[in-house]
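Encoded as structure tokens, the structure appears first; notes follow it.
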Amino acid sequence: MTLTGRRALSRRTFLGAGAAGAGALAVPLLVRAAQGEGGASGITLRAAPGRVRLVPEPYGETDAWCYNGGVPGPEIRLRQGERVRIVLENGLGEETTVHWHGLRVPHGMDGVPHLTQPPVPPGGRFVYEFEVPDAGTFWYHPHQRSFEQVGRGLYGPLIVEEHEPLRVDRDITWVLDDWRLTSSAGINGDFGHPHDLSHAGRIGNTVTINGRVPDSVPVRPGERIRLRLVNAANARIFGLDFGPLAPLVVAMDGQPVTPHAPDGGMVVLGPAMRSDLVLDVTGEPGSTVQVVDRFYRGQEYRLVDLVLDEARLREMPPDWPIALPANPLAEPDLVNARRHEVILNGGMMGGMVMAEMGGSMGGGGSPGMSGGGMMALMHEGGIWFINGRAAQGHVLEPMLSLGHGRSHVIAMTNATAWHHPMHLHGHSFRVITRNGVPTSHREWRDTVLMAPRETVEIALVADNPGDWMFHCHILEHQEAGMMGVIRVA
Ligand code: C2O
Ligand code: CU
């Protein structure tokens, strides 16, 4: 993995640092302005450079790009069904937009430059206004040069509360990110480095929770926590192991799922993915539970310690219900669904995978990917391909057209040697099979992580008309071509 060799700050210094107070882990909650017309709540997000304390003393602060002066940006909290009005002000030196990741908003509010709106120039503003049909854990980020704008800190959580929220003692959001910092805690400016574009993406050397290198979080024995995890990293995949605690997954990408223990004992989150956990704190007062990220073999590290208070909140975990009510998503009709194929290829070692998988999986006449072919492709500006095409910009001929209001199955093949979290805008979809085997939870998602050589089938009702982005959420892969447009009409 690219972790090695790029570690300007040692893991020991950073990931084991002891100075970050637990209180520092809170995300500022957005204070809503007075109710606007039509009951719409008014919120302003200002994107601008700022200075934030990512890493503890003795390191200095870090120059970042912030929403409302912080990283992450403010936690926006809405009620299901609410109509919201959010003004974006651009205080950056370049164009930007905001995309409301996972929210099923109308096309014109989706924040994709040139495709759904003109990008907002420096000094400009744009008013987003939409209703939020689904309760759950979502997030927001720019869709303009995301690999750098998100990488410099532009992102924030957006929580839509259920009409009757789950009963818990505490509802906590952890926005995870990783950074490539220099030895003086500055952001390394090598965005779009060719190695990152063609391999695993920009993996950093410093991991933060809510914009701070975490140390410990106090918890109370017996307490029930709803933990909302958001992966805002450009490229890092997390696989969180809570040790002796037994969290249950109750939602994925904001959408409720039958509560279950995480598959393989690890909560896996590719970039842009979310998980809502119900975590009952069991264990002895005064003890410590390590949360360890085990996703990359040989690169395991302690993310944070949960420190159990001396005083018990209660003896036994509460027996409150933990299943969330379903969101109003249309159920795809698998019998009459239209089938579509999507093949991902490209990247380093792509030729080897193609050969293994039968050689002809190019789809749409994609160029050969063996050794020299790779270099040739990089000259054409694309490294990653969907159905043989590498995207440049957001305005593209649709790669698929889905009949509006109809059910569709999209069969996706990852013919590369790398993971890809594939994201569709404007819709949530059910993940129905992996490598031909029905999934156990048939989960609704907006981003599905595909392992190297894996095939995944997703199903949806195409009920939101427009031209929607479909792309890998490893932002370097997206930038290097792994993006397309799916038309719903
Ligand atoms: Cu989270 Cu197209 O993005
Ligand atoms: Cu990718």
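Every value quoted in this text rests on a predicted model; they were computed, and no experiment measured them. Indexing begins at 1, ligand by ligand and atom by atom, following the structure's order. The figures here come from the full heavy-atom set of this structure, side chains too, leaving out hydrogens, waters and symmetry mates.
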Practice task
Please confirm if an N, O or S atom belonging to His473, backbone or side chain, lies less than 2.8 Å from the Cu ion (ligand 2).
Solution key: no

Practice task
Please test Glu131 against Glu82 for side-chain contact (heavy atoms from CB on, under 4.5 Å), starting from the C-alpha separation and ending with a verdict.
Solution key: CA-CA 6 Å; Glu131 273 166 34; Glu82 184 177 353; over 6 Å; no

Practice task
Pick out which of Val71, Leu92, Leu45 makes a side-chain contact (heavy atoms from CB on, under 4.5 Å) with Leu154.
Solution key: Leu92

Exercise for the section: Have a look at His420 and say which of its N, O or S atoms is nearest the Cu ion (ligand 2). Expected result: ND1

Problem - atom 2 (Cu) of ligand 1 - name of the N/O/S atom of His425 that sits closest to it - result: NE2

Fill in the blank from the handout: Output field for angle at atom 1 (Cu) of ligand 1, His473.NE2 vs His141.NE2, rounded to 10°, should show 110°

Problem - Angle subtended at atom 2 (Cu) of ligand 1 by His471 NE2 and His143 NE2, rounded to 10 degrees - result: 110°

Practice task
Could you check which N/O/S atom of His101 is closest to atom 1 (Cu) of ligand 1?
Solution key: ND1

Practice task
Using only heavy-atom distances, determine whether the side chains of Asn327 and Gln80 contain a donor-acceptor pair under 3.5 Å.
Solution key: yes

Practice task
State yes or no: are the ring centers of His107 and His425 separated by less than 6.0 Å?
Solution key: no

Exercise for the section: Using only N, O or S atoms, tell me which atom of His477 is closest to the Cu ion (ligand 2). Expected result: ND1

Practice task
Measure centre to centre between the rings of Tyr155 and Tyr67, then say whether the value is under 6.0 Å.
Solution key: no

Problem - Distance-only side-chain donor-acceptor flag, His101 / His473, under 3.5 Å - result: yes

